Enquirer: 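Attaching a single structure in structure tokens format; questions to follow.
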There are 2 protein chains.
Amino acid sequence: MLSFTEENYLKTIYHLSGEGQKAVLTTELAAGLNTRPATVTDMLKKLSAKDLIAYEKYYGVQLTKKGKAEALLIIRKHRLWETFLVEKLGFTWDEVHEVAEQLEHIQSPLLIEKLDAFLGHPKTDPHGHPIPDKTGKLPVMIQTPLAEVDVKGKATISAVRHASAVFLQYLSKIGVYIGATVQVAERNEFDRSVQIVIDGKKKAYLSREASENIMVEK
Amino acid sequence: MLSFTEENYLKTIYHLSGEGQKAVLTTELAAGLNTRPATVTDMLKKLSAKDLIAYEKYYGVQLTKKGKAEALLIIRKHRLWETFLVEKLGFTWDEVHEVAEQLEHIQSPLLIEKLDAFLGHPKTDPHGHPIPDKTGKLPVMIQTPLAEVDVKGKATISAVRHASAVFLQYLSKIGVYIGATVQVAERNEFDRSVQIVIDGKKKAYLSREASENIMVEK
DNA sequence: ACTATTTTTTAGGGTTATCTAAATTTATAA
DNA sequence: TTATAAATTTAGATAACCCTAAAAAATAGT
Ligand SMILES: [Mn+2]
Ligand SMILES: [Mn+2]
Ligand SMILES: [Mn+2]
Ligand SMILES: [Mn+2]
């Protein structure tokens with residue numbers, strides 16, 4: 001069985017590698033886990049011995065099939081719990097991440113299957129992120145950043161790229177939420193900021209950076 | 001903040017001391033926590049330094065006011081989660097304890113208050129055990145063991161004393177559940193075993209030991 | 001190609017929670 | 001009261017995880 005710490009390493013490697021594509025470097029991992037490179041090296045040896053990662057000294061690390069499956073299970077639990085907190089307990093989308101960081105480590109296959117059923121087998125979490133099914137399969141999502149939507153183009157907000165509390169609180173304040181319809185009214189070609197209309201009513205201005213972190217379906 | 005292990009010590013001291021009355025000895029604690037007396041001694045020094053227990057070498061340990069408050073918070077979380085698992089997720093009463101042992105350590109005051117509200121501020125858990133309120137106050141329960149009910153006497157089953165999976169599964173099998181009405185049809189004076197009638201219909205035989213571990217309200 | 005810089009690993013410790021075995025203290029019983 | 005038994009504590013280690021500082025390897029700049 002994996003320790004709390006080992007699980008966090010696997011999950012972070014998965015995210016930093018772009019869902020398991022490219023290799024992750026020691027320093028990136030140290031930054032992502034808020035720890036020191038020397039500490040990371042220690043743990044990489046341990047995870048490598050357990051066949052959860054392929055580790056090449058000085059050239060970074062990738063998840064093995066086994067490691068990826070573990071990572072996806074933890075992400076499944078994280079996103080199911082976030083969904084529970086919002087849908088059933090009335091948390092706001094900016095309050096759930098920290099609690100889910102703890103709940104994702106609870107060990108009970110029965111619990112997670114019952115929770116999934118209780119929530120009606122959701123496909124996405126409160127941030128629009130896909131929830132892996134029990135075999136680790138991710139629902140396919142066709143999404144583009146709002147930054148790439150043409151002027152006058154309409155789209156539906158389907159996810160946020162980063163789920164930091166300040167960003168989410170800002171989005172709530174200006175009226176952006178998952179499921180909202182947006183139209184790009186105007187794009188400033190100088191700094192790529194946009195003016196949008198939400199649900200055909202509310203107007204809001206977004207910086208290029210904000211619009212790159214909001215994902216839409218057309 | 002308390003570690004996982006420290007929390008388990010406080011909770012176990014609370015239970016073994018009879019809700020904080022008598023002192024608990026090192027060996028009892030070692031047995032209750034499935035560890036060695038030497039390990040317990042180490043931890044008692046640590047908890048004592050943190051003013052969570054009053055520890056007198058060779059004469060056992062008692063919770064301080066602070067330690068008791070922490071213990072009651074953990075018990076509150078444990079029992080709320082057990083209630084959630086049964087009421088909302090459809091677990092049976094013999095499946096919840098192990099999972100609640102993990103969930104009770106999740107740190108989030110907001111979570112526990114929202115969970116309490118979601119469950120409708122329950123007073124007791126699936127085993128009939130009282131749930132402390134957020135100030136640590138326990139609802140008063142007037143209960144007697146079924147072993148002490150007079151022959152022909154009627155009562156309502158309100159709790160089980162021990163919540164081990166085998167005992168609970170046995171009770172379910174013979175038709176005993178919290179809220180059931182029981183009448184003691186006959187008591188064998190030789191071994192104090194009883195014959196009971198559940199809800200005026202189902203008959204069952206109980207050993208003295210079983211009847212001492214079933215609590216009723218008259 | 002050869003320094004200088006950056007990244008990564010190794011060396012050497014520290015903390016928490018655990019253990020077994022030995023020493024000490026308390027309890028029991030002749 | 002004094003020896004023996006039982007309970008408890010102390011001594012000495014180990015494992016997991018983390019740290020800083022030093023050494024080694026890889027990369028970049030001339
Ligand atoms: Mn999250
Ligand atoms: Mn999320
Ligand atoms: Mn329990
Ligand atoms: Mn219970």
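Numbered from 1 within each chain, the chains take letters A, B, ... in sequence-line order. Fair warning: this is a prediction, and the values are worked out from it, not measured in the lab.
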Enquirer: Identify which nucleotide among dA25(D), dT18(C), dC18(D) has an atom closest to any side-chain atom of Tyr58(A), counting heavy atoms from C-beta outward.
Expert: dA25(D)

Enquirer: Given atom CG of Leu2(A) and atom P of dA15(D), what is their separation to the nearest angstrom?
Expert: 19 Å

Enquirer: Between dT9(C), dT25(C), dT10(D), spot the one nearest the side chain of Thr41(B), thanks.
Expert: dT10(D)

Enquirer: Rounding to a whole Å, what distance do you find between Met43(A):CE and dC18(D):C1'?
Expert: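 In whole Å, dC18(D) C1' and Met43(A) CE are 10 Å from each other.
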
Enquirer: Please give, in whole Å, the distance from dA7(D) P to Glu56(B) CD?
Expert: 19 Å

Enquirer: Tell me the interatomic distance from Glu7(B), atom CD, to dT16(C), atom P, rounded to whole angstroms.
Expert: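 Nearest whole value for this atom pair: 16 Å.
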
Enquirer: Looking only at side-chain N and O atoms, does Arg36(B) come under 4.0 Å of OP1 or OP2 in dT18(C)?
Expert: no

Enquirer: Distance check: side-chain N/O of Lys57(B) vs OP1/OP2 of dT24(C), anything under 4.0 Å?
Expert: no

Enquirer: Whole-Å distance between dC18(D) C1' and Glu6(A) CD?
Expert: 14 Å

Enquirer: How are the rings of Phe84(B) and Phe118(A) set relative to one another: parallel (under 30°), tilted (30 to 60°) or perpendicular (over 60°)?
Expert: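 Geometry flag for Phe118(A) against Phe84(B): perpendicular rings.
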
Enquirer: Give me each pair satisfying side-chain hydrogen bond (donor to acceptor under 3.5 Å, both in side chains) with a member in residues 60-75 of chain A, each pair once, sequence neighbours excluded.
Expert: none

Enquirer: Checking the side chain of Lys134(A) only, and the main-chain atoms of Glu113(A) only, is there a donor and an acceptor separated by less than 3.5 Å?
Expert: no

Enquirer: What is the distance, to the nearest angstrom, from the OH atom on Tyr59(B) to the C1' atom on dA7(D)?
Expert: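 The distance from OH of Tyr59(B) to C1' of dA7(D) comes to 11 Å, rounded to the nearest Å.
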
Enquirer: Report the nucleotide, chosen from dA24(D), dT10(C), dC18(D), that has the shortest atom-to-atom distance to any side-chain atom of Lys45(A).
Expert: dT10(C)

Enquirer: It should be established whether Tyr9(B) places a side-chain nitrogen or oxygen under 4.0 Å from OP1 or OP2 of nucleotide dT16(C).
Expert: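 No, Tyr9(B) has no side-chain N/O under 4.0 Å of OP1/OP2 on dT16(C).
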
Enquirer: Give a yes/no answer on whether the side chain of Ser3(B) brings an N or O atom under 4.0 Å of OP1 or OP2 in dT16(C).
Expert: no

Enquirer: Find the distance Asp42(A):CG to dA16(D):P and express it as a whole number of Å.
Expert: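 That distance rounds to 12 Å.
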
Enquirer: Checking all strands, does Thr26(A) fall into the base, sugar-phosphate, or nothing category for heavy-atom contacts under 4.0 angstrom?
Expert: sugar-phosphate

Enquirer: Which residue pairs satisfy the salt bridge (charged side-chain N to carboxylate O under 4.0 Å, His left out) criterion with at least one member in residues 3-14 of chain A, sequence neighbours excluded?
Expert: Glu6(A)-Lys46(A), Glu6(A)-Lys50(A), Lys11(A)-Glu101(A), Lys11(A)-Glu104(A)

Enquirer: Should the heavy atoms of other residues, nucleotides or ligands under 6.0 Å from OH of Tyr205(B) be counted, would the total exceed 12?
Expert: no

Enquirer: Can you check the Met1(A) CE to dA16(D) P distance for me, whole Å?
Expert: 13 Å

Enquirer: Regarding Phe4(A), tell me which of base, sugar-phosphate or nothing describes its non-hydrogen contacts under 4.0 Å with the strands shown.
Expert: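 Since no nucleic acid heavy atom lies under 4.0 Å of Phe4(A), the category is nothing.
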
Enquirer: Considering heavy-atom distances to DNA chain D, does Tyr55(B) or Ala38(A) have its closest nucleotide positioned more toward the 5' end?
Expert: Tyr55(B)

Enquirer: Compare side-chain N and O positions of Thr35(A) against OP1 and OP2 of dC19(D) and report whether any pair is under 4.0 Å apart.
Expert: yes

